[in-house]
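Working notes for the structure below.
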Amino acid sequence: MGNIIQRLRSRTKPKYRTIVPNCVVDPAIPRSHKSHPNHGYLSNKIQTTRYSVITFLPKNLFEQFHRYANLYFIFLVALNWVPEVNAFAKEITMLPVVFVLAVTAVKDAYEDFQRYRSDKKVNFQNCRKFSSREKRYVKTEWHDIHVGDFVHLSCNEIIPADILLLRSSDKEGICHIETCNIDGENNLKQRYSVKGLDTKECEFDASDFCNTIEVEQPNCAIYKFKGYIFENEENKIALNTDNLLLRGCVIRNTDFIEGICVYAGHETKALLNNRGPRYKRSKLERAINRDVVWCVVLLLFLCFFCAIGSGIWLADYNTLKENTNLVPFISFGDLDQYSPLYQGFIVFWTYVIMYQIVIPLPLYVSVELVKLGQVYFMAQDIEFYHPKSDKRLECRALNVTEDLGQIQYVFSDKTGTLTENIMEFKSCTIGGIDYPHLPGDENKSEISDLGSKVSVPSRNSSVLENLRLEPALQRELSNMCLRSLDSVELVIPRHVQRVQEFFLLMAVCNTVVVSHHPHEDNIDESGFLTDPQFVGGIASRIDQPLDKYSRLSQSSTPTSSQDQRDSLTPVPSDGSIGGSSFLSDMSSRTRYEAESPDELALVKAASTYGCRLLKRSPKTVVVWLPAEGEVELEILHILPFDSTRKRMSVILCHPLSKEITLYTKGADSAILSVLDKSFKDDDEYRLQRDQTIECLTQYAMKGLRTLCMAKRVLKADEYKSWLVNYLVASASIEEREELLFKSYCDIERDLDLLGATGIEDKLQDGVPEAIAKLGEAGIKLWVLTGDKQETAIQIAYSTKLFTKNQEVIQLNATTKEEAEALLRHHSEQISKDYKSSIKEHNTDPSTLFFREYVLVIDGTTLTFALTEELDPIFLALCQKCKAVVCCRATPIQKGNVVKLVKERLKKMTLAIGDGANDVSMIQTADIGIGISGQEGMQAVMASDFAIAQFRFLLRLLLVHGHWNYFRLSNFAAIMFYKSLITVFLLFWFQIYSGFSGSVMIDSLYLMLEHLLFVSVPPIVNGVFDKDTSAENLLNKPHLYKAGQNSKLYTKWTFGIIFLDSLYQSLVIYFITHFSYTNYSVGIWEFGTTLCVCMILIILLQIGLETNSWVWLQWLFLILSFLVFWMFAIISNAIFFTFNPPSNPYWVMENTISQAIHSCIAIIVCVLALLPRVVIKSIQFTLFPTEIDKIKQELQETMTTEEKQEVSGYDNDNVRTIQTSDNSNMNQDNASSTRYDKIRMSDHDVAACRRNTSSFLITKL
Amino acid sequence: MAPGTPTDSPQGEKTKNRRPKDTKFKQQKLPAWQPILTANTVLPAFFAIGVAFIPLGVALLVTSNNITEFVLDYTNCKNSQNPNETCAKFFENVNNTGLICRCEQEVELPEFKGQVYMYYGLTNFYQNHRRYVKSRDDNQLNGQSVGVSSLNTDCDPYRTVKGNDSEGYAPCGAIANSLFNDSYTMVFNNSVPVNLLKTGIAWVSDKSVKFNNPSNWDHMHKPPNWARPVWELDVNATSNNGYKNEDLIVWMRTAALPSFRKLYRRIDHSQTEFKDGLQAGTYKITIDYSYPVTAFQGTKSIILTTTSWLGGKNPFLGIAYLVVGSLCIILGVIFSVIQLKWGKRVGDFGKTFAVKKY
């Protein structure tokens, strides 16, 4: 709505908006006044609420009347006001509609209130804006920011509006922002203060700035922004996206910024881009809707049948044509109305009103209530609580809870989902020598540290890696350190040189930013200036070296390393790394801020070994080296990482030797292929290389992420000639990317391998177990990762997604033809294997051993596989494989894979991920789950459920998913059953009332029946009922298959309900009918007996369908009947004529005081429920379902335990079966083993079937 | 949620512990009873139901059989003035509408023991027709001063006098208009008239609360089919006159089914001859036949019956109980067989219902 208005408005407005700083405007002019230059721009107050207290009722009603279902019921109410047609009392018919409208209105009001609260929270956040009156920044709230205000923000603050960056604490005017709230990318982006303003040689000062700004009208293009600052009449400074800070982003790595607000509130780009939530409809809901269509068909059929019946019945009384008075019970005012055809038509509409209950109006409302309850208890489940992150399950979508029980495919991200996304430096190899950092005694301290570590954001953490130093490496470094202290002249052995260079590379070849102190602003929260000297002063007094250091880092003049070394001489060197105490002093203040966690791990590891990155600016990098002390190296170039080269490089110039060196870090394949070939003959070098490669394979086997480090010393002329090329490339406009790529590759060759690192991407707790259980539950897990193939396969093995005896099919193709050939080949191969294994064991199919396959496909091949021609083969192949891993997949590809499976295979899909790159698949899948981990909130924002750990998925699906599906299936069935039985009951009476549309049950009861009398127990069951306990569901994952195959609510369900309700209504009606024959019974007594029987039977039926009884179910079931009973008695005890034609005075009392009423009720209940009880118990005894078997088993155990109590004999069958089941999981032929187990457990069950108790109380 | 919403504010101090409460209710770990329906567990229930229902059925059947009932269908009884003509025929002549056709019937009655009631029975009379059921005004019958104009419109076409909207019918509507107006007298052995009581035939609640006479009958007319206005229904007893007339009250309680019987009179057992019911013998019943039923293929009858705690003579319920009871026994036997053959768990009935705390 707002968007449309916005667009309309912008059409009529000029292309640009002019902004004048508010401080130059006379404060006397009110903002709303026309003469105010910034008049007409929205303020920063956001309002996402749809209603106000006054507009709520009319607006909400108007919106609700737009829904088809509601319109239908409004139509019925209107129809009932036509005197010819009316079936029920006019006022009573409105009850259900009013109820539904009211419930929806309350829900809407609640949601709106939530929005109001969240708006309020947002609007009342603090920030500082410039006050022209006080000539300083003052504390203000977000909603009070207007276009033209100057805003001051500190580090880690959220940007309140779209702000034009005018000043940054950074000298260069750079400001880092994190945009993950907007685009989900979690690397930091740089923004620059407006360029032209710097030239004035003075810093921007809010009170001096009086230039007019012209910017585009608000639009939703995030990456587009144009505008000008008018310096004077002629001179205007162009503004672009790089100058704009978007609302919702977070300031990082910058002490403070100042800027002017250009768009505020709803005109900010973030809010213009804010789309409403998607509406998802669950699979069960689709099935329910299909049956609602059946209900409509039934309704029309019944109406037609009755209308025709009415015509025929009326046609019998042909004497009426002569004399209207002859048939006393047909009373038309005049003869014109007497026409069977006309009356049939009229009565048709009467029946439409009468049978309206067949379309279960309260179904939709109560389904929402049930889901609300389910969601509440899911969120309350303590098993989902993750104490480390203090997070519990968060349900963001209400309407797909039961889909959790029907998932067939799970698509998972790897990093951050299966793994912690905490990178830990684990081992390295330098010059062919492996330094395995074996875990030592310090394990304990490491574990205890973990807790504190999680609380620190990964990209902004302290210097020291929580790392156990490798003694050998430590020795080498300390030797070097001692040596360097004694005399510079000493020749450093080549290997030690390598070690140092290796760490230097780790320290510099990255994008890590150093901040020496937490970002501090010179303005406090309320806008007062704090003395930065003062803060620094305290620090300097406490810590001398820091003072020196901080002075150093603040001055941009190069310091000679000699000076620095002198100042460091007093540092004791007691065998540990030089300056470690200095480091530990520093570590409390210095922080590294990295874009990716593995870079951080590397820098921190280097720092732990004494090779510390101290400062980085675009042109220089200052490092502390054990051998040389502090060195400032000039950065000539940074060749950034890209996914094709898979490496990044820096070109450094040593300040003293002026030696130009290229340091490269990258994936092993990317580095090993560009090593110096000329060394091939050098035995030592080859040995080193081979050893390094061997180490790399070992690391990979351990599931570590490997990186290779290499360097190349560039000769001056070589560098110069490259530089020319490079400059041409970077200056070119066309094909710039390609030329740059070429020039990068030109210099990154003939590298000298330094070594390799292994970083552990820690697996989350319980991931292998969860994956194994998901597999048992028949859920196929696909891992879609952007990571490289080797890592992905390693993770697949370490998570037990792949097992050793499975055959891995790797698909790596570079052309489409190749991809097709590969796909076809493997497809055929598998079928052949399958056939041959059948031939080998042609006798007994259950002993068949099938080879299991797993598929690994890379991004390029995936591109081909996802094309229209190949996707059928691809899907066919995937279905034959147990697991699929897609590596190097782009976010879009992830989404496409999910879409393919969802739409082509018509399977229920679930996508789980934590990062912005998973948003596409999370939104595509039937259910999206976000891991509320480290990588921003984007995945969580897009998801339906957010969990803290991957392992929680197991419980979410197997327990809550199953329960929800089971509950809602039962719930929907009961809702249909209720409506059908009521309608059929009314129908039978029509045969005996001349198809006149007469209703024998008091319409008040009929209307309240589905709202009050029988509505609560199904809802309670929908929230509380359990077919079996959480433990059972977790221990026996195969129970999940019932939901996967939609076994609980099938297309036959409605048919069974139909027949059952038909039978029951027959029993109720005709037993009552024949019992009351030859009895002076009035229509209302007759109806009351029917109604009592019906409600009793519905409630008993609900009871029969209840699987586990907690006191709530008892309470509500009994209460429901009592409410009806009491309502009938009390309402019948009061004389009122509100509801013609029924005047129920004393009817209930008279009816129940007659013995015949009770006699009818008893026999009707028994006879009506008999078939269901018989079929249910026969089914349970002879054809038990999986759940039934569990119940029986449970019973066995209970009996055995009962016996144990007596005899002390210990034989816990079930538990032993379970444990053996689990332990056998990893052995070959897992699935067939499983079947053996099931058979075995059946056997055991049979063996111990003796005396059992059938009704038992268990703790569920 | 708007993207600008601070969901993960770094400054926001999350000291709040979000750990859910570990209560049995919130963790859905309330103690639960999980009954299982197996052949084994329903077996005893079937036998129990069978054992309970069969005697009950027998009792109901005996009760029903003990009731003496006599039904006289007089739809086509002879006009006493013109023995060649039945009364039904008599009313086929439109001119005779509103007249009375008297017919006399001699019947041999068995002995009736206890309180005897006289009903009239109508068949094929759809008192439950939607438009018919609604065609009344309960406020008017309640004696509230309902103006002619505010009479329930459902009473049409028997709401206001045709062509004069300020004059209404009392009581209005099709039900009242079609009031059953045959009357019977009964003479025992041609000499002893059986005293029939007009009161005590309607519900006490109806008579005392629902039906009341208004303060005046201004602008009110007798319904077109009636011979007398409502305030002259029983001139002898004011408590049975006007809307409080019990014949009217009984008629106004519309029947559920198209064949119905309504209580007409109670036999006065204060007469010495009929102290213990009705004696067996010949009774002459004189019927003032004025209610035509042939137009809708209906029949009329007089029913004399004693009563029981169950109501009238109807063996249906008793038979139903016997059938269901036997069915349950049969099912019980079948289930026993199933249990023995496939269930492998011979019922240990004592334990079946053992509720166990776990």
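Naming convention: chains lettered A, B, ... in sequence-line order (proteins, then strands); numbering from 1 in each chain.
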Query raised in the report: For Leu56(B), is it the side chain, the backbone, both or neither that has a heavy atom under 4.5 Å from a heavy atom of chain A?
Result: neither

**Report entry** Most contacts with chain A, counted as non-hydrogen pairs under 4.5 angstrom, among Arg19(B), Arg159(B), Lys313(B)
**Finding:** Arg19(B)

Query - Among Asp119(A), Val1110(A), Val1173(A), residue most engaged with chain B (heavy-atom pairs, under 4.5 Å) - result: Val1110(A)

Query raised in the report: Can you tell me how far CD1 of Ile330(A) sits from CZ of Arg131(B), rounded to the nearest 0.5 angstrom?
Result: 10.0 Å

Report task. Report yes if some heavy atom in the side chain of Ser996(A) is under 4.5 Å from a heavy atom in the side chain of Tyr132(B); otherwise report no. Result -> no

Report summary line: Under 4.5 Å to a heavy atom of chain B? For Val1147(A) that would be both

Requested in this report: Quick one: sort the Phe25(B) and Phe1024(A) rings into parallel, tilted or perpendicular, breaks at 30° and 60°.
Outcome: tilted

**Report entry** Close side-chain approach of Lys210(B) to Phe1135(A), heavy-atom, < 4.5 Å
**Finding:** yes

Query raised in the report: Top residue by heavy-atom pair count (under 4.5 Å) with chain A, among Phe125(B), Trp309(B), Trp203(B), Phe260(B)?
Result: Trp203(B)

Query raised in the report: Given a strict heavy-atom distance threshold of 4.5 Å, which part of Ile1162(A) is in contact with chain B: side chain, backbone, both, or neither?
Result: both

Query raised in the report: So how far is it from Leu331(B) CG to Ile1178(A) CD1, rounded to the nearest 0.5 Å?
Result: 7.5 Å

Report task. Tell me, for Phe995(A) versus chain B, whether the close heavy atoms (under 4.5 Å) come from the side chain, the backbone, both or neither. Result -> neither

Query - Side chains of Cys328(B) and Leu1170(A) in contact at under 4.5 Å (non-hydrogen atoms) - result: yes

Query raised in the report: Does any heavy atom of chain B fall under 4.5 Å from the side chain of Phe384(A), the backbone, both, or neither of them?
Result: neither

Query raised in the report: Do Lys1026(A) and Gln34(B) touch side chain to side chain, with heavy atoms closer than 4.5 Å?
Result: no

Query raised in the report: Do the non-hydrogen side-chain atoms of Ser1177(A) and Phe335(B) ever get within less than 4.5 Å of each other?
Result: yes

Report summary line: Scored by heavy-atom pairs under 4.5 Å with chain B, the best of Leu1112(A), Leu1167(A), Asn1107(A), Val1023(A) is Asn1107(A)

Query raised in the report: Would you say Ser205(B) and Asn1150(A) make side-chain contact, with heavy atoms under 4.5 Å?
Result: yes

Report task. Any chance you could measure Arg18(B), atom CZ, to His386(A), atom NE2, to the nearest 0.5 Å? Result -> 13.5 Å

Query raised in the report: Looking at Val250(B), Asp137(B), Val209(B), Val42(B), which makes the most heavy-atom pairs under 4.5 Å with chain A?
Result: Val209(B)

Query - Gap separating the CG atom of Asn124(B) from the CZ atom of Phe329(A), nearest 0.5 angstrom - result: 6.5 Å

**Report entry** Pairwise distance CD1(Ile1163(A)) to CZ(Phe316(B)) - rounded to 0.5 angstrom
**Finding:** 7.5 Å

Requested in this report: Check the pair Leu257(B), Phe1086(A) against side-chain contact (heavy atoms from CB on, under 4.5 Å), reporting the backbone distance first and the verdict last.
Outcome: CA-CA 9 Å; Leu257(B) 300 168; Phe1086(A) 185 68; 4.1 Å; yes

**Report entry** Nearest heavy-atom neighbours spanning Pro328(A) and Tyr291(B)
**Finding:** CG-OH, 3.9 Å

Report task. Kindly indicate, with the supporting measurements, whether the criterion side-chain contact (heavy atoms from CB on, under 4.5 Å) is fulfilled by Arg261(B) and Tyr1079(A). Result -> CA-CA 7 Å; Arg261(B) 50 173 71 172; Tyr1079(A) 193 91; over 6 Å; no

Query raised in the report: When only pairs under 4.5 Å are counted, which of Ala1155(A), Pro160(A), Cys1159(A) shares the most heavy-atom pairs with chain B?
Result: Cys1159(A)

Query raised in the report: Between Tyr126(B) and Trp313(A), how do the two ring planes meet: parallel, tilted or perpendicular, split at 30° and 60°?
Result: perpendicular

Query raised in the report: What closest approach, in Å, do Thr1077(A) and Asn314(B) show between heavy atoms, and which atom pair accounts for it?
Result: O-ND2, 3.2 Å

Query raised in the report: What part of Glu1085(A) lies closer than 4.5 angstrom to a heavy atom of chain B: side chain, backbone, both or neither?
Result: side chain

Query raised in the report: Taking side chain as C-beta onward, heavy atoms only, is Gln127(B) less than 4.5 Å from Ile1083(A)?
Result: no

Report task. Mind running side-chain contact (heavy atoms from CB on, under 4.5 Å) on Thr1181(A) and Ile338(B) for me, showing each step along the way? Result -> CA-CA 8 Å; Thr1181(A) 317; Ile338(B) 289 174; 4.3 Å; yes

Query - CA sep, side-chain torsions, deciding dist, call: Asp206(B), Trp1146(A), side-chain contact (heavy atoms from CB on, under 4.5 Å) - result: CA-CA 8 Å; Asp206(B) 280 1; Trp1146(A) 222 250; 5.8 Å; no

Requested in this report: Identify the heavy atoms of Pro20(B) and Ala379(A) that sit nearest to each other, and give their distance.
Outcome: CG-O, 4.1 Å

Query - Min side-chain heavy-atom separation Leu37(B)-Leu1104(A) under 4.5 Å - result: yes

Report task. Could you pull out the closest heavy-atom pair between Gln27(B) and Ile382(A), with the gap in Å? Result -> OE1-N, 2.8 Å

**Report entry** Which portion of Val1174(A) sits near chain B, non-hydrogen atoms under 4.5 angstrom
**Finding:** both

Query raised in the report: Which value, rounded to the nearest 0.5 Å, describes the distance between Asn128(B) atom CG and Phe989(A) atom CZ?
Result: 4.0 Å

Report summary line: Okay, Ala161(A) and chain B: the region with an atom under 4.5 Å from a heavy atom over there is neither

Requested in this report: Under 4.5 Å heavy-atom distance to chain A, tell me which part of Ile334(B) shows up: side chain, backbone, both or neither.
Outcome: neither

Query raised in the report: Minimum heavy-atom separation for Arg253(B) to Gly1082(A), with atom names?
Result: CG-CA, 4.4 Å

